[in-house]
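Here the structure comes first, spelled out in structure tokens, and everything after it is commentary.
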Amino acid sequence: MPVRLYIGNLPKEEIDRQDLQAVFAAEGDAVTTKLIKDRKTGKCRGFGFLTVNNDEQADEIIEKYNGQMFKDTPIKLEKALPRTKGEESEEQAPKAAIATTSTPIPSVNREGREGSRREKGSKKPRRGGGGGASRESTTTTTDSDAIRPDPRWASELEKLKQMLAAQTTN
């Protein structure tokens, strides 16, 4: 059964798959290399993969080539982590090297200020409704102690509440 090895600490410059394959040429045609490159620049992302025939050969190659110099940097060899869902189209580095990017959305805390931090004891709200209180029950609460309005608009809010109460009683 083929075994994939992760090759790390590769120089982030223009190197070819043939350059990397030449390092492992002594192992014969049984090993194949794959160099992971940036889509936009075409430069090496600093890692690649080596596929060997079996575990014994993988252990021998790790022992022999781990720390060997390649273009003035010592390469790092280890058994690759298995692929996870969503990575079928592009191979990824181990989990420590993956960084996620997302657009931050300002949150509103109890005082109503955007972007401020939560209190130490409070927990981050869950997404997806997994067993917790539903969103409707938390947003429709009319208890005055549960929701504190922004102090800048509290007087206007109180006037609106009084006007609404007067309308509903008529």
Check: How far does CE of M163 sit from CD of E158, to the nearest 0.5 angstrom?
Finding: 12.5 Å
Margin query: For P74, give me all partners under side chain to side chain contact (heavy atoms under 4.5 Å, CB included), at least two apart in sequence or on another chain.
Written below: N9, M69
Note to self: Taking T33's backbone N and O only, do any of them form a donor-acceptor pair with Q21's side chain (distance below 3.5 Å, no angle check)?
What the structure shows: yes
Item checked: Separation of L157 CG from R152 CZ (nearest 0.5 Å) -> 13.0 Å
Notebook entry, point to check: Hey, does K79 have a side-chain heavy atom less than 4.5 Å from the side chain of D59?
Noted result: yes
Check: In the hydrophobic clustering (ILVMFWY, side-chain contacts below 4.5 Å, transitive), which residues join I61, or is it alone?
Finding: V3, L5, I7, L10, I15, L20, V23, F24, V31, L35, L50, V52, I62, Y65, F70, I75, L77
Checklist line | Distance in Å, K43 NZ paired with D38 CG, rounded so as to fall on 0.5 Å steps | finding: 9.5 Å
Next item on the list: Heavy atoms only: give me the nearest Q57-A30 pair and the separation to one decimal.
Entry: NE2-CB, 4.2 Å
Notebook entry, point to check: Under 3.5 Å, side chain of D16 to main-chain N/O of Q18, donor-acceptor pair present?
Noted result: no
Checklist line | Heavy-atom side-chain proximity of E78 to K76 below 4.5 angstrom | finding: yes
Next item on the list: Decide yes or no for R4 and R83: does some side-chain heavy atom of the first lie under 4.5 Å from some side-chain heavy atom of the second?
Entry: yes
Next item on the list: Begin from the C-alpha positions of Y6 and L81 and carry the test side chain to side chain contact (heavy atoms under 4.5 Å, CB included) through to its verdict.
Entry: CA-CA 8 Å; Y6 167 78; L81 297 175; over 6 Å; no
Check: Could you state the interatomic distance from NZ (K37) to CD (E14), rounded to the nearest 0.5 Å?
Finding: 7.0 Å
Margin query: Enumerate the salt bridge (Lys or Arg N to Asp or Glu O under 4.0 Å) contacts for residues 60-73, please, sequence neighbours excluded, ordered by first and then second residue.
Written below: D19-K71, E27-K64
